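Here is the structure we will look at.
These figures come from a predicted structure and were not determined experimentally.
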Amino acid sequence: MDLILWRHAEAQDHPYGEQGGQGDPLDLERRLTPRGEKQASRMAAWLDRQLPDGAKVYVSPAERARQTAHALGRKLRVRDELLPGADPAAVLALAGWPEGRGPVLVIGHQPTLGQVIAQLLNLPEGECTMRKGSVWWLRQRERNGRMQTVIVAVQTPELV
């Protein structure tokens, strides 16, 4: 199974500083900046060349995540399991990891996506830094009778 994690592109600051969190209506309304729109467009072009047609696409209800996802121009499903502050276990369950078939693209937020990466790669810190607009492509595979998670690609908007 392939799990592709895409952090939303650069967004406007929260009007009251660092608020956010699950259910903060002002946080959920934040939109991409002009730079964020360019980041989303660049990464979407790269992803569109890589993703097979049948890939499932799940996106956070937050406006900045939906704007990022819309740059890809594919059918998507908005899911509350991906709200800011989401539980990494809920993200993995939504994606069907590791038993799912086919690739799943998840567009969401930090620190949740970084926590998913850390969990799948057994990183001791418990969280992995993920730049705005970047993609981590992970794959579950069997090697010598053991299941393992490998990194297929890490891409940032500046590199595509």
Evaluate the criterion salt bridge (charged side-chain N to carboxylate O under 4.0 Å, His left out) for residue pair Glu158 and Arg131; output intermediate values, then yes/no. CA-CA 11 Å; Glu158 294 79 21; Arg131 294 182 63 168; 3.7 Å; yes
Looking only at side chains, do Thr33 and Gln12 share a donor and an acceptor under 3.5 Å apart?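 No donor-acceptor contact under 3.5 Å links the two side chains.
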Assess the side chains of Arg7 and Gln110: does a donor N or O sit below 3.5 Å from an acceptor N or O?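 No, no side-chain donor-acceptor contact under 3.5 Å.
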Step by step, would you call Arg146 with Glu142 a side-chain contact (heavy atoms from CB on, under 4.5 Å)? CA-CA 5 Å; Arg146 292 185 51 203; Glu142 184 177 344; over 6 Å; no
Check the pair Ile151 / Ile117 against side-chain contact (heavy atoms from CB on, under 4.5 Å), numbers first and verdict last. CA-CA 10 Å; Ile151 300 171; Ile117 293 166; over 6 Å; no
Closest non-hydrogen atom pair, [X] against [Y]:
{"X": "Thr68", "Y": "Ala40", "result": "CA-CB, 4.0 Å"}
{"X": "Ala118", "Y": "Glu127", "result": "CB-N, 3.4 Å"}
{"X": "Trp136", "Y": "Leu121", "result": "CZ3-CD1, 4.1 Å"}
{"X": "Leu76", "Y": "Ala69", "result": "CD2-CB, 3.7 Å"}
{"X": "Pro61", "Y": "Asp80", "result": "CG-OD1, 3.3 Å"}

Could you go through the salt bridge (charged side-chain N to carboxylate O under 4.0 Å, His left out) check for Asp27 and Arg64 one step at a time? CA-CA 9 Å; Asp27 181 55; Arg64 60 195 180 274; 3.2 Å; yes
For side-chain contact (heavy atoms from CB on, under 4.5 Å), just list the numbers for Val154 and Val135, CA-CA rounded to whole Å, side-chain angles, deciding distance to a tenth of an Å, and then say yes or no. CA-CA 6 Å; Val154 176; Val135 168; over 6 Å; no
Does Arg74 CZ have over 12 foreign heavy atoms under 6.0 Å away?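 Yes - once you tally the heavy atoms of other residues, nucleotides and ligands closer than 6.0 Å, there are more than 12.
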Is it true that a side-chain atom of [X] and a backbone atom of [Y] form a donor plus acceptor pair closer than 3.5 Å?
{"X": "Glu63", "Y": "Leu28", "answer": "no"}
{"X": "Trp97", "Y": "Leu3", "answer": "no"}
{"X": "Arg30", "Y": "Leu26", "answer": "no"}

How far apart are the C-alpha atoms of Trp46 and Thr156, what are their side-chain angles, what is the distance that settles it, and do they pass the side-chain contact (heavy atoms from CB on, under 4.5 Å) test? CA-CA 10 Å; Trp46 180 81; Thr156 65; over 6 Å; no
Decide side-chain hydrogen bond (donor to acceptor under 3.5 Å, both in side chains) for Thr149 and Gln140; before the verdict, give the C-alpha distance in whole Å, the side-chain angles of both, and the deciding distance to 0.1 Å. CA-CA 5 Å; Thr149 302; Gln140 176 79 7; 3.1 Å; yes
May I ask you to decide whether Lys132 forms a salt bridge with Glu10, counting only side-chain N to carboxylate O separations under 4.0 Å?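 Not counted as a salt bridge, because no side-chain N and carboxylate O are separated by less than 4.0 Å.
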Shared hydrophobic cluster, Leu5 / Met43 (ILVMFWY, side-chain heavy atoms < 4.5 Å):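 Looking at the clustering, Met43 is in a separate group from Leu5.
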Nearest 0.5 Å, what's the CD1-OH distance between Ile107 and Tyr58?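 Between Ile107 CD1 and Tyr58 OH, I get 11.5 Å after rounding to 0.5 Å.
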So His109 and Ser60, side-chain hydrogen bond (donor to acceptor under 3.5 Å, both in side chains) or not? Walk me through it. CA-CA 8 Å; His109 310 273; Ser60 163; 2.7 Å; yes
